[in-house]
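Scroll down for the structure; my scribbles are underneath it.
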Protein chains: 2
Amino acid sequence: MIYDLLIENITKNRAVSIAEAEKFCSFFSAKTISKREFLLKQGEFCKFEAFVTEGCFRVFSLDKKGNENTLYFAAKDWWLMDIDSFMNHKPSDLNIQALEDSKILIISQEDKTTLYNELPIAEKFFRIMFQKSIVAWQRRVVRNNSLTAKERYYYFTTRYPEIVLKLTDRQMASYLGITHEFLSKIKKQDKIQ
Amino acid sequence: MIYDLLIENITKNRAVSIAEAEKFCSFFSAKTISKREFLLKQGEFCKFEAFVTEGCFRVFSLDKKGNENTLYFAAKDWWLMDIDSFMNHKPSDLNIQALEDSKILIISQEDKTTLYNELPIAEKFFRIMFQKSIVAWQRRVVRNNSLTAKERYYYFTTRYPEIVLKLTDRQMASYLGITHEFLSKIKKQDKIQ
DNA sequence: AAAAATTGTTGAACAAGTTCAACACGATTA
DNA sequence: TAATCGTGTTGAACTTGTTCAACAATTTTT
């Protein structure tokens with residue numbers, strides 16, 4: 001069933017009844033996205049939140065110098081959203097693009113409000129999910145400040161080997177915060193030793 | 001009243017009744033922390049969350065090379081916690097130290113659970129607070145990757161001028177992700193022009 | 001008030017990462 | 001099939017930021 005993965009995601013480590021899980025899922029509908037297609041473009045209003053059931057996405061922004069900055073990749077079992085645009089009803093700074101043919105479960109802004117109102121456990125679920133997310137972002141900041149590019153490259157490739165397979169070097173470099181030329185040099189060094 | 005600032009913080013932009021706000025506050029007790037005192041040390045279990053009503057704190061970790069990495073500063077009206085240690089009941093990676101004589105409102109781990117159970121609006125309040133926090137962390141990652149040290153210095157000093165006054169250069173440098181020597185050189189360059 | 005410790009400054013040598021340009025390769029597209 | 005475009009690689013020159021050491025100025029402790 002298309003909701004299996006989402007049900008597992010929301011019930012994992014939490015006391016959620018079958019009825020609650022089913023109600024939760026009823027707010028989401030399935031959607032297919034082709035490779036290279038954009039789910040969201042900078043400047044648009046983000047009026048959805050989504051859960052990835054198949055494929056992979058890249059979330060990135062463009063800075064003033066025109067460089068791409070990859071915030072994160074979202075493969076199966078990850079959530080996709082622009083919290084800022086969604087929460088504050090403002091144009092998005094982010095682009096969300098499919099790296100391969102993908103499938104998501106999507107909820108609209110209005111339905112998300114209804115979900116919170118009708119299913120109190122949803123507040124707890126997302127509250128905990130956001131807490132975990134903050135921990136991950138804090139660790140990312142510390143890694144970016146305290147590790148060299150080479151160390152960050154090792155961390156990323158050993159931590160997310162399945163995602164690495166789906167990326168070009170340019171996409172990975174924009175996540176690591178280095179140029180793709182320098183990433184190429186890191187990889188070369190690596191092979192020699 | 002000592003709860004005034006907390007009440008303003010939780011009611012701002014949200015429909016919270018006076019009764020709810022008062023109940024919320026009843027879980028918190030006032031505490032005084034002296035300059036240089038640690039509210040939490042790396043290795044300890046973080047069994048509290050706190051709201052700063054006076055003074056300023058620094059939250060930092062030590063990496064393998066022995067360098068301090070400042071995650072954030074928390075002045076009046078900010079929340080202080082180690083989400084990871086608190087949520088996952090594990091030893092903390094973080095140090096929380098008062099930069100000056102300070103006052104906080106503090107809630108214990110048990111009371112936080114009770115608060116969530118007895119006051120459903122608390123789930124919504126913290127869910128929204130955490131969402132805002134994620135947006136801030138995402139922006140920090142983008143700034144760290146796309147701005148030079150000098151640009152980050154400008155951003156920080158113009159965005160948080162009151163906090164800057166309370167910091168040594170070393171503390172600011174550890175937040176910006178540079179050495180204090182280099183910060184000193186940035187400041188010198190700055191004066192000349 | 002003296003001693004000790006921490007802080008900020010500066011310089012010189014160095015390391016990490018960028019920029020730009022050139023080229024080879026593979027994948028789309030016409 | 002040819003043409004085009006994006007990708008990965010490499011080198012040389014350059015910029016940004018680090019490291020280490022020395023010193024002066026403050027702050028803290030005794």
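Throughout, a chain's letter reflects where its sequence line sits, starting with A, and its residues are numbered from 1. Quick caveat: nothing in here was measured; it's all calculated off a predicted structure.
Counting only heavy atoms from C-beta on, B:Phe182 has its side chain closest to D:dT16 among D:dT16, C:dT18, C:dG11. When distances are taken from the side chain of A:Glu181 to each of D:dT18, D:dT10, C:dT28, the shortest belongs to D:dT10.
Rounded to whole Å, the distance from NZ on B:Lys65 to P on C:dA16 is 10 Å. Straight-line distance from the CD1 atom of A:Ile178 to the P atom of D:dT9: 12 Å, rounded to whole Å. Protein atom NZ of B:Lys187 is 14 Å distant from nucleotide atom C1' of C:dT10, rounded to whole Å. Between A:Lys188 atom NZ and C:dG17 atom C1' the separation is 16 Å, expressed in whole Å. The nearest whole Å value for the distance from the CD atom in B:Gln189 to the C1' atom in C:dT9 is 14 Å.
Taking the six-membered ring where the residue is Trp, A:Phe125 and A:Trp79 present tilted rings, their angle falling between 30° and 60°. Ring planes of B:Tyr160 and B:Phe156: tilted class, angle from 30 to 60°. Ring orientation note: the planes of B:Phe126 and B:Tyr116 are nearly perpendicular, at an angle over 60° on the 30°/60° scale.
Take the nearest nucleotide of DNA chain C for B:Lys185 and for B:Gln171: the residue whose nucleotide is more 5' is B:Gln171. Mapping B:Arg36 and B:Asn67 onto DNA chain D via the closest heavy atom, the residue that lands nearer the 5' end is B:Asn67.
Here the two rings, on A:Phe73 and A:Tyr175, have centers that are under 6.0 Å apart.
Among pairs with a residue in residues 80-93 of chain B, those fulfilling salt bridge (Lys or Arg N to Asp or Glu O under 4.0 Å) read A:Arg139-B:Asp84, B:Asp84-B:Lys90, at least two apart in sequence or across chains.
Contact annotation for B:Lys35: backbone-only contact, meaning every heavy-atom pair under 4.0 Å involves sugar-phosphate atoms and none involves a base.
Using a 4.0 Å cut-off on heavy atoms, the residues of residues 162-170 of chain B that approach DNA chain C are B:Thr168, B:Asp169, B:Arg170, listed by number.
For the OP1/OP2 pair of D:dG8 and a distance below 4.0 Å, the side-chain nitrogens and oxygens of A:Ser184 include no atom meeting the criterion.
Using a 4.0 Å cut-off between charged side-chain N and carboxylate O, B:Lys64 and A:Glu151 make no salt bridge.
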